[in-house]
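First up is the structure itself, then whatever we jot down about it.
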Protein chains: 2
Amino acid sequence: MTSANQVKKNGNIRAKSQVKILTAARTEFVLQGYRGATVQSIADRAEMPKANILYYFKNKENIYHAVLEHTLEMWDEGIGDIEADKGPKVAIEKFIEAKVRMSFKHPEASKIYAMEIIQGAPHLKDYARTYQRQWVREKAKLFQQWIDNGEMANVDPVHLIFLIWSATQHYADFETQILTIMNRADFEEDDVQQVITFLCDIILRGCGLIK
Amino acid sequence: MTSANQVKKNGNIRAKSQVKILTAARTEFVLQGYRGATVQSIADRAEMPKANILYYFKNKENIYHAVLEHTLEMWDEGIGDIEADKGPKVAIEKFIEAKVRMSFKHPEASKIYAMEIIQGAPHLKDYARTYQRQWVREKAKLFQQWIDNGEMANVDPVHLIFLIWSATQHYADFETQILTIMNRADFEEDDVQQVITFLCDIILRGCGLIK
DNA sequence: GTCTATATGCTGATAGAC
DNA sequence: GTCTATCAGCATATAGAC
């Protein structure tokens with residue numbers, strides 16, 4: 001076996017192990033919180049010895065950082081952006097749909113983010129201060145232009161973004177409560193579609209974009 | 001001092017200490033999570049020796065139970081109910097206002113509840129299954145009557161409740177993120193009023209209750 | 001009721017054999 | 001790369017003096 005192949009094979013093992021660890025860790029961090037999730041519990045869930053976990057990530061905080069980063073990346077990619085070119089109605093519709101679908105598909109991603117923010121965002125202050133604040137300002141400006149052009153009702157653009165965020169992520173973060181109240185074991189595609197329809201209906205009408 | 005007075009005095013000390021402990025514990029549980037909050041950190045925040053904490057509550061889990069119970073009670077009392085007698089517009093308006101005000105006044109109450117639900121509601125399954133499910137069904141029926149009478153648009157009543165919950169609690173749970181994005185140190189009464197106006201505007205129009 | 005001292009178990013992390 | 005053995009520190013909780 002050549003040295004190049006050796007590296008590749010080892011790289012594969014490394015990559016696979018890391019994904020396995022991150023997946024297990026994400027679940028543990030959601031279920032138990034940062035402090036409550038132990039390296040041992042992550043190891044058990046990943047079906048690896050504890051020492052291997054620490055071999056790949058050195059320490060617990062590094063695991064958490066990797067989970068956060070991995071999660072935010074996946075989330076942002078899955079949502080995409082608000083598209084300006086087709087007007088406010090399509091833009092808001094598409095954005096709501098993407099966020100609702102992600103909430104049902106990857107509730108853990110939203111949950112881990114939510115817990116981080118609730119606890120005061122100790123690892124994400126910079127993320128909000130730079131990336132997110134900029135994003136909100138950009139989109140708010142876009143909404144304001146549509147409002148000024150008379151294309152939608154005069155509603156506060158920043159709070160509109162908060163409303164869409166909260167209403168959509170609620171189905172991920174409060175999954176447990178919603179299932180219990182609706183007396184259901186799982187969600188199905190029909191439920192997802194119904195939520196999309198409901199939220200688009202209310203919010204678009206609320207923005208004066210449908211009658 | 002008579003025996004009755006002795007009991008009363010001791011009762012006062014006990015009650016005061018317990019409130020002090022519960023307040024400190026709530027903050028610690030929010031900031032650090034259940035496992036991350038230590039009895040010592042609660043004692044430090046309450047400015048009491050650790051042993052006194054355990055004297056009053058026996059163990060850490062009892063503290064958490066008491067915090068949850070105390071918090072839910074306070075929250076429910078502060079919100080009040082959806083009042084049927086003045087029609088959908090006033091009912092929804094009053095409910096949104098009450099929830100927004102509580103979110104800004106007691107964000108920790110909402111946060112501790114949110115963390116509990118996100119982690120799978122291990123201590124609150126029964127609460128959702130009995131009390132909350134019943135409440136939602138009752139209110140959904142009320143909304144449905146208004147819809148059938150043509151008093152409001154035909155929107156799913158259960159999801160409408162979820163929308164109001166999520167949109168209002170967002171200002172408590174995601175306080176940190178919102179402050180950072182808005183580049184503010186604290187909220188003021190004007191902010192609260194603006195949120196109430198915004199949410200009533202969008203949701204009432206979304207329900208066809210204003211033009 | 002208050003507080004110090006301490007028992008007991010679990011945690012993150014490391015050393016070193018394979 | 002994998003895994004066993006182990007350490008040092010910290011957590012909850014209790015015992016018992018005051």
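Here B:Phe57 lies out of heavy-atom contact (under 4.0 Å) with every strand. Within the 4.0 angstrom heavy-atom criterion, no nucleotide atom of any strand lies near B:Ala43. As judged by a 4.0 angstrom heavy-atom cut-off over every strand, A:Asn52 is placed among the base-contacting residues.
In this structure, the nucleotide among C:dG12, C:dG1, C:dT14 sitting nearest to the side chain of A:Lys60 is C:dG12. Checking D:dA13, D:dG1, C:dT2 against every side-chain atom of A:Tyr55, the shortest atom distance belongs to D:dG1. Set against D:dT2, D:dT4, D:dT12, the side chain of A:Ala51 has D:dT4 as its closest nucleotide. Nearest nucleotide to the side chain of B:Thr38, out of D:dT14, D:dC3, D:dT12: D:dT12. Considering only the side chain of A:Lys50, C:dA13 comes nearest among D:dT12, C:dA13, D:dA13. For B:Asn59, taking side-chain heavy atoms from C-beta onward, the closest of the listed nucleotides D:dA13, C:dA13, C:dT2 is D:dA13.
For B:Ile13 and C:dC3, the CD1 to C1' distance is 15 Å, given to the nearest whole Å. Between the CD1 atom of B:Ile53 and the C1' atom of C:dT2 there is a distance of 12 Å, given to the nearest Å. The distance from atom CG of B:Leu54 to atom P of D:dG16 is 17 Å, rounded to the nearest whole Å. The CD-C1' distance, from B:Gln40 to C:dT6, rounds to 15 Å in whole Å. The separation between B:Ile42 atom CD1 and D:dT12 atom C1' is 11 Å, rounded to whole Å. Following rounding to the nearest Å, B:Tyr64 (OH) and D:dT12 (P) show an atom-to-atom distance of 15 Å. Nucleotide C:dT2 holds its C1' atom 16 Å from the CD atom of B:Gln18, rounded to whole Å. Between the CE atom of A:Met48 and the P atom of D:dT4 there is a distance of 14 Å, rounded to whole Å.
The side-chain heavy atoms of A:Tyr64 and A:Phe57, taken from C-beta on, include no pair separated by under 4.5 Å. Contact of the B:Lys139 side chain with the B:Phe95 side chain is not registered, since no non-hydrogen atoms from C-beta on lie closer than 4.5 Å.
Annotation: B:Tyr171 is in aromatic contact with A:His159 [ring centroid separation under 6.0 Å].
For the residue pair A:Tyr113 / B:Gln177, a side-chain donor-acceptor distance below 3.5 Å is found, with atom types taken as modelled. There is a side-chain donor-acceptor pair under 3.5 Å between A:Gln40 and A:Asp44. Between B:Arg101 and B:Gln193, the side chains place a donor N or O and an acceptor N or O closer than 3.5 Å (distance only, hydrogens not considered).
The aromatic rings of B:His123 and B:Tyr34 sit tilted, their planes meeting at an angle between 30° and 60°. Using cut-offs of 30° and 60° for the angle between ring planes, the A:Phe162 and B:His170 rings count as tilted.
Look at B:Tyr56 and you'll find a side-chain N or O under 4.0 angstrom from OP1 or OP2 of C:dT2. Using a 4.0 Å cut-off, no side-chain N or O of B:Arg35 falls inside it from OP1 or OP2 of C:dC10.
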Could you go through nucleotides 7-9 of chain D and list every protein N or O atom that sits under 3.5 Å from one of its N or O atoms, giving the distance for each pair?
none

